[in-house]
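All residue numbers in this chain count up from 1 along the given sequence.
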Amino acid sequence: MDRSDLELVMAIRGRGSLAGAAAALDVVPSVVTKRLAALELRLGQRLFERTTRRLSATAEGEAVCQHAKALLDGFAALENELGERQSELGGTVRLVGTFGFGRRWLGPALADFNQRHPGLEIQLMLAETLPDLGAEGFDGGIWLWAPQHRRAGDWVTRRIARNQRVLAASPDYLARRGTPADVAALASHDCLVVRENSDGNEREFALWTLRHARDGTTARVRVRGPLSSNSGEMARDWCLAGRGIMLRSLWDIAPRLASGELVRVLPQFAMPDADIQWVAPWRPKTPRRVRLLIDFLVERFRGEPWKQLSS
């Protein structure tokens, strides 16, 4: 069977008569009659029962129609995709991202996407807090967790990549202060609290919720220390200098772990809800340039390239 055969059986079933199918296919009825007879002869199956008023599909004909619909839908989807790929992207995409991930990973990815589509203008703003995307005219944001304070129906989210925030310290700090044996022991250590990418208060930032990788149980501990900042990069620098234990994303510290400058603390634990997300206000139709960019980022970060740096 070829595509014209599939279109033929779908037209007959849809219109319920040979004359109706002929009109749908823009041919004379005799052509439909001959093509259907030839198809049934080739298949060795009767596909439609003919009455004086209407044709109805046999069980075999219904099976053929079901497969025909799926195949024709596939043809249409493929043609649409190829058509979109042939046309050059244009227009502007306005994005917001966090400072650290934006500089380290998102910026280079956007430059590569723009090289593929030079007619597209990409505007990236880096911020510490997620702005009102709709009110400020952003197409979306690349954020380290989905905003929980918004109603789910108001937002479109898609995970760009998995990510973990892990505990780390310098070998010098651990040599001086010892390695925590469990989560509760973190309360007696100097911990570097980061107050970024959220609207929470100081007490919320200092309450660390950690999930066990194997059994999924969670443990909470309120930490403290003489140093805190709204900059995760500053906390990372303090950690490298041996000033305490920090909770930081793998995408940021993977090279430091690989070099031995930092060591995982309680490696069986990580902070949940740290995945890298696409967040955007809900809209009836997402522009093609935005859809293609999201797909590109998902593919770009599918393998979590920062994990390769930490191995």
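- Side-chain contact check for Leu36 versus Phe48: some heavy-atom pair is nearer than 4.5 Å.
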Stepwise side-chain contact (heavy atoms from CB on, under 4.5 Å) check, Ile245 with Leu192: CA-CA 6 Å; Ile245 298 173; Leu192 304 168; over 6 Å; no
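- Looking at Asp139, its side chain never comes within 3.5 Å of a backbone N or O of Leu95 through a donor-acceptor pair.
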Stepwise side-chain contact (heavy atoms from CB on, under 4.5 Å) test for Leu167 and Arg248: CA-CA 7 Å; Leu167 296 163; Arg248 192 68 179 158; over 6 Å; no
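- Between the side chains of Arg211 and Thr218, no donor N or O sits under 3.5 Å from an acceptor N or O.
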Would you tabulate the side-chain donor-acceptor contacts of residues 68-75 under 3.5 Å, counting partners in other chains and residues two or more places apart, or write 'none'?
| from | atom 1 | to | atom 2 | distance (Å) |
| --- | --- | --- | --- | --- |
| Lys69 | NZ | Asp73 | OD2 | 2.9 |

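- A pairwise comparison of heavy atoms in Ala184 and Val221 identifies O-CG2, 4.3 Å as the closest pair.
- Using a 4.0 Å cut-off between charged side-chain N and carboxylate O, Asp237 and Arg243 make no salt bridge.
- Of all heavy-atom pairs spanning Phe138 and Pro131, the tightest one is CE1-CG, 4.0 Å.
- Remark: Arg283 CZ is packed, more than 12 non-hydrogen atoms of other residues, nucleotides or ligands lying under 6.0 Å away.
- Around atom CZ of Arg162, no more than 12 heavy atoms belonging to other residues, nucleotides or ligands sit under 6.0 Å away.
- Shortest non-hydrogen contact noted between Trp208 and Cys191 is CH2-CB, 3.7 Å.
- When every heavy atom of Leu55 is checked against every heavy atom of Ser17, the shortest pair comes out as CD1-CA, 4.3 Å.
- Side-chain contact between Arg35 and Ser4: present, with at least one pair of heavy atoms (C-beta onward) separated by less than 4.5 Å.
- For the 3.5 Å distance criterion, the side chains of Glu233 and Ser231 fail to qualify, holding no donor opposite an acceptor.
- Note on Asp172 versus Arg177: no salt bridge recorded, every NZ/NE/NH1/NH2 to OD/OE distance being 4.0 Å or above.
- Surrounding CZ of Arg116 are at most 12 heavy atoms belonging to other residues, nucleotides or ligands under 6.0 Å away.
- Judged purely by atom type and a 3.5 angstrom limit, Asn114 uses its side chain to pair as donor or acceptor with the backbone of Leu120.
- Counting heavy atoms from C-beta outward, Leu297 and Leu106 have side chains that approach closer than 4.5 Å.
- Atom CD1 of Ile12 and atom OG of Ser56 lie 12.0 Å apart (nearest 0.5 Å).
- Within the 4.5 Å cutoff, no side-chain heavy atoms of Ser229 are placed close to those of Val194.
- Using a 4.5 Å cut-off on side-chain heavy atoms (C-beta onward), Met10 and Cys65 make contact.
- Salt bridge absent: Asp295 and Arg300 never bring a charged side-chain N and a carboxylate O closer than 4.0 Å.
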CA sep, side-chain torsions, deciding dist, call: Arg289, His117, side-chain contact (heavy atoms from CB on, under 4.5 Å): CA-CA 9 Å; Arg289 59 184 178 273; His117 305 284; over 6 Å; no
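- Partners of His67 under the ring-ring contact (aromatic ring centres under 6.0 Å, His included) rule, at least two apart in sequence or in another chain, do not exist in this structure.
- Between Leu257 atom CG and Arg264 atom CZ the span is 7.0 Å, to the nearest 0.5 Å.
- A 4.5 Å side-chain heavy-atom check between Pro29 and Leu18 finds every atom pair outside the cut-off.
- Atom OG in Ser249 sits 8.0 Å away from atom CD1 in Ile253 (nearest 0.5 Å).
- Cys239 approaches Ala168 most closely through the heavy-atom pair SG-O, 3.4 Å.
- For residues 210-248, the ring pair (Phe, Tyr, Trp, His ring centres under 6.0 Å) pairs, not counting sequence neighbours, are His212-Phe269.
- Among residues two or more places apart in sequence or in another chain, the side chain to side chain contact (heavy atoms under 4.5 Å, CB included) test is passed with Arg42 by Asp5, Leu39.
- Separating the CG atom in Leu210 from the CZ atom in Arg165 is a distance of 10.0 Å, to the nearest 0.5 Å.
- Panel note: side chain Tyr173, backbone Asp190; a donor-acceptor pair is recorded below 3.5 Å.
- Side-chain rings of Phe101 and Phe301 approach one another, their centers coming within less than 6.0 Å.
- Residue Asp2 qualifies as enclosed at atom CG: its count of foreign heavy atoms under 6.0 Å is above 12.
- In this structure, Trp105 has its ring center closer than 6.0 angstrom to the ring center of Trp306.
- For the side chain to side chain contact (heavy atoms under 4.5 Å, CB included) test, residues two or more places apart in sequence or in another chain that qualify with Thr92 are Arg94, Glu121, Gln123.
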Test side chain to side chain donor-acceptor pair (under 3.5 Å) applied to Thr209 and Arg220, step by step: CA-CA 4 Å; Thr209 301; Arg220 306 180 79 185; 3.3 Å; yes
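- Every side chain to side chain contact (heavy atoms under 4.5 Å, CB included) that Arg46 has, sequence neighbours left out, goes to Glu40, Glu49, Arg50.
- Put simply, the side chain of Leu126 does not reach to within 4.5 Å of the side chain of Val96, judged on heavy atoms.
- For CD of Glu136, the number of neighbouring non-hydrogen atoms (other residues, nucleotides, ligands) closer than 6.0 Å is greater than 12.
- In summary, Arg236 and Asp252 engage in a salt bridge, as defined by a charged side-chain N under 4.0 Å from a carboxylate O.
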Stepwise side-chain contact (heavy atoms from CB on, under 4.5 Å) check, Ile142 with Gln277: CA-CA 6 Å; Ile142 308 298; Gln277 304 273 357; over 6 Å; no
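- A pairwise comparison of heavy atoms in Leu130 and Trp143 identifies N-CZ2, 3.2 Å as the closest pair.
- The side-chain heavy atoms of Leu240 and Arg256, taken from C-beta on, include a pair separated by under 4.5 Å.
- For the atom pair Ser188 OG and Leu186 CG, the distance stands at 8.0 Å (nearest 0.5 Å).
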